Amino acid sequence: MGLPSVNGLAMQSTGVASFRKMTPGMLESQRLAMANDIVKTTKAEVAITLKKAAPALGIDGTAYHILDILIGLTRADDWKQDRRPLVAISNDKLAEYVCRSTRTVIRALKRLVEVGILAYRDSSTGRRFIYRNGASGEIDRGYGFDFSPARQRIDEIKRIGEEFQARVRAEQEAKRTVNRLSRAIVDACRTGQNEGVDCTVFLEELSAIMETPMLLLERADKISKLYELIVEELAEENAKDEQTTSEFNEYAQMSGDHDIDVTPYNITTHQTPINSKTRQPSNDGYLNSNSASNEASKIALEKDQSSKFSAKSNAPAQLQSRQVGQLDNGLSEHLSAISIGLIDSATTETQEMLGMQFSSWFELAQSGEQLRLAIGLSEDGWKQAVVTLGEKMAAAVLVVTVEKTLRDPEGISRPAGYFRACVDRAKDGKLALHKSLYGLALG
């Protein structure tokens with residue numbers, strides 16, 4: 001069957017071969033590449049922006065590797081507004097660079113075009129090449145991959161990258177919040193149960209939050225609200241206990257039921273005539289007191305020598321003795337009521353001042369030198385506190401002192417003296433440090 005003719009001339013058909021099947025994303029990239037209002041930018045700015053936004057655009061693996069190679073092959077001068085950022089390289093050469101198959105390279109290039117970073121600039125034969133002017137170095141003729149879409153979308157891509165980075169940071173902070181507050185909730189419930197508060201409902205709520213599938217940000221928000229609720233509950237219970245104790249003490253002072261007669265023992269106390277008759281003459285009293293003093297000095301010297309010997313010969317025994325002393329003073333009970341998560345939640349201003357977080361007891365102990373300097377505490381005063389209370393308890397008292405000083409500078413005029421007073425109260429078992437931490441966390 002012959003071809004139809006017009007005016008006796010046979011029509012000739014010309015077949016046009018297509019390189020690829022076009023998609024809406026590829027067509028949008030071609031449109032951006034033909035824009036006339038060229039955006040001013042630089043190669044460095046585009047490279048940094050694309051690498052930051054790559055995860056948000058779904059560019060990873062081989063596609064990211066190829067993107068890095070293509071940007072590197074472009075010249076900085078080609079990113080000027082009166083030029084076009086072209087790069088010409090074959091698929092086979094790219095496959096050799098990234099150690100992947102040619103088909104994998106083709107799919108990665110297609111991905112870069114569809115997300116609006118590259119545009120195809122094809123020659124009639126499909127071959128990629130660039131001819132430059134020998135004098136100026138400008139591109140006279142060039143075919144390959146065109147970065148004009150990325151240049152036109154630089155502001156949009158930058159915003160995408162910033163939003164992605166902010167979302168990643170928020171998720172990381174939410175993950176840290178979940179881990180930190182979940183431990184703090186368990187510790188707070190344990191402390192509350194030791195003080196007679198039923199915390200079963202809170203623990204069940206925590207388990208439900210951790211086991212229910214939800215977004216990380218939502219889980220962090222629920223755990224934060226639960227932790228605030230627990231702190232408020234324990235603070236109210238502590239306030240009730242303190243009010244009851246205060247009322248009882250006031251009643252005892254008014255009634256006099258608990259008053260007893262005590263004979264003064266201090267020799268500086270004014271003596272009544274009856275007591276003065278029982279005392280020895282002044283000379284005998286001096287001799288007796290002098291003898292007692294000499295005897296006490298001998299005993300103290302023997303104890304000092306024996307303690308030095310035991311310290312050199314049996315260090316574990318000395319440590320055990322020190323731990324027993326802490327148990328006698330009630331320090332271990334107070335320390336068990338304190339967690340590093342509670343300290344981390346209660347000392348936000350101190351952490352901001354130091355530029356660090358107290359995620360472990362080791363980090364808190366390492367910051368002891370900076371904390372003591374912050375309140376003007378001497379090195380000897382800090383060492384004495386560590387010997388008296390132990391490193392953990394001393395560090396906990398110190399960081400609470402610093403936090404209170406930062407929050408209320410006028411309320412604590414002498415922070416170092418306040419710290420020493422807290423150490424003395426802790427040594428006597430009268431320092432409820434966990435209540436101070438709850439108050440700081442709630443405040």
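None of these values were measured; they are calculated from a predicted model. These values consider heavy atoms only, across backbone and side chains, with no hydrogens, waters or symmetry-generated copies.
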State whether the side chain of [X] and the backbone N or O of [Y] hold a donor-acceptor pair below 3.5 Å, judged by distance alone.
X: Lys427; Y: Leu389; answer: no
X: Arg75; Y: Leu86; answer: no
X: Arg127; Y: Gly144; answer: no
X: Arg183; Y: Gly341; answer: no
X: Thr74; Y: Ile71; answer: yes
X: Glu232; Y: Leu442; answer: no

Rounded to the nearest 0.5 Å, how far apart are [atom1] of [X] and [atom2] of [Y]?
X: Met26; Y: Lys21; atom1: CE; atom2: NZ; answer: 10.5 Å
X: Leu73; Y: Ile69; atom1: CG; atom2: CD1; answer: 7.5 Å
X: Gln81; Y: Asp37; atom1: CD; atom2: CG; answer: 10.0 Å
X: Leu377; Y: Trp382; atom1: CG; atom2: CH2; answer: 8.0 Å
X: Glu173; Y: Leu217; atom1: CD; atom2: CG; answer: 10.5 Å
X: Ile230; Y: Ile223; atom1: CD1; atom2: CD1; answer: 10.0 Å

Evaluate side chain to side chain contact (heavy atoms under 4.5 Å, CB included) for Ile117 paired with Val113, printing each intermediate quantity in order.
CA-CA 6 Å; Ile117 293 178; Val113 174; over 6 Å; no

Sequence neighbours excluded, every pair satisfying ring pair (Phe, Tyr, Trp, His ring centres under 6.0 Å) that has a member inside residues 131-172:
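As it turns out, the ring pair (Phe, Tyr, Trp, His ring centres under 6.0 Å) pairs with a partner in residues 131-172, which skip direct neighbours, are Trp79-Phe147, Phe129-Tyr131, Phe129-Tyr143.
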
Atom CG of residue position Asp82 - does it have more than 12 heavy atoms of other residues, nucleotides or ligands inside 6.0 Å?
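Yes - once you tally the heavy atoms of other residues, nucleotides and ligands closer than 6.0 Å, there are more than 12.
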
Is the count of non-hydrogen atoms from other residues, nucleotides or ligands lying under 6.0 Å from Gln165 atom CD greater than 12?
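Counting other residues, nucleotides and ligands, CD of Gln165 exceeds 12 neighbours.
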
What pair of heavy atoms forms the shortest contact from [X] to [Y], and how long is it?
X: Ile340; Y: Ser359; answer: CG1-C, 4.0 Å
X: Ser224; Y: Leu181; answer: OG-CD1, 3.5 Å
X: Val115; Y: Arg153; answer: O-NH1, 2.7 Å
X: Ala33; Y: Ala119; answer: CB-CB, 3.8 Å
X: Thr191; Y: His434; answer: CG2-CD2, 4.0 Å
X: Leu206; Y: Ser182; answer: CD2-O, 3.9 Å

Please determine if [X] and [Y] form a salt bridge, counting it only when a charged side-chain N lies under 4.0 Å from a carboxylate O.
X: Glu379; Y: Lys383; answer: yes
X: Glu138; Y: Arg83; answer: yes
X: Lys158; Y: Glu45; answer: yes
X: Glu228; Y: Lys225; answer: no
X: Asp140; Y: Arg132; answer: no
X: Glu163; Y: Arg159; answer: yes

Just by distance, no angles: are the side chains of [X] and [Y] close enough, under 3.5 Å, to form a donor-acceptor pair?
X: Thr23; Y: Glu114; result: yes
X: Thr200; Y: Asp198; result: yes
X: Tyr64; Y: Lys51; result: no
X: Thr347; Y: Glu403; result: no
X: Asp344; Y: Gln351; result: yes
X: Ser90; Y: Asp92; result: no
X: Arg180; Y: Ser345; result: yes

Salt bridge (Lys or Arg N to Asp or Glu O under 4.0 Å) with Arg372: which residues, sequence neighbours excluded?
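Here the qualifying residues are Glu369.
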
Apply salt bridge (Lys or Arg N to Asp or Glu O under 4.0 Å) to Glu363 and list each qualifying residue two or more places apart in sequence or on a separate chain.
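Partners of Glu363 under the salt bridge (Lys or Arg N to Asp or Glu O under 4.0 Å) test: none.
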
Check whether any side-chain heavy atom of [X] lies under 4.5 Å from a side-chain heavy atom of [Y], and answer yes or no.
X: Met393; Y: Leu433; value: yes
X: Ile38; Y: Gln152; value: yes
X: Arg111; Y: Ile106; value: no
X: Glu218; Y: Asp221; value: no
X: Ser367; Y: Phe358; value: yes
X: Ile375; Y: Leu371; value: no
X: Pro415; Y: Val402; value: no
X: Met210; Y: Arg219; value: yes

Between Tyr227 and Leu342, is a side chain to side chain contact (heavy atoms under 4.5 Å, CB included) present by the stated rule, with each step listed?
CA-CA 10 Å; Tyr227 177 72; Leu342 179 59; 3.4 Å; yes

Evaluate Arg84 against Asp146 for salt bridge (Lys or Arg N to Asp or Glu O under 4.0 Å), listing each step before the verdict.
CA-CA 7 Å; Arg84 186 174 293 274; Asp146 188 355; 2.6 Å; yes

Set out, in order, the CA-CA distance, both residues' side-chain angles and the distance that settles salt bridge (Lys or Arg N to Asp or Glu O under 4.0 Å) for Asp428 and Arg425, then state yes or no.
CA-CA 5 Å; Asp428 296 335; Arg425 289 181 60 84; over 6 Å; no

What's the verdict on side chain to side chain contact (heavy atoms under 4.5 Å, CB included) for Leu109 and Ile66, showing C-alpha distance, side-chain angles and the deciding distance?
CA-CA 8 Å; Leu109 290 170; Ile66 290 176; 3.8 Å; yes

Any chance you could lay out the side chain to side chain contact (heavy atoms under 4.5 Å, CB included) test for Lys40 and Arg151, step after step, and finish with the verdict?
CA-CA 8 Å; Lys40 184 179 180 180; Arg151 180 169 61 179; over 6 Å; no

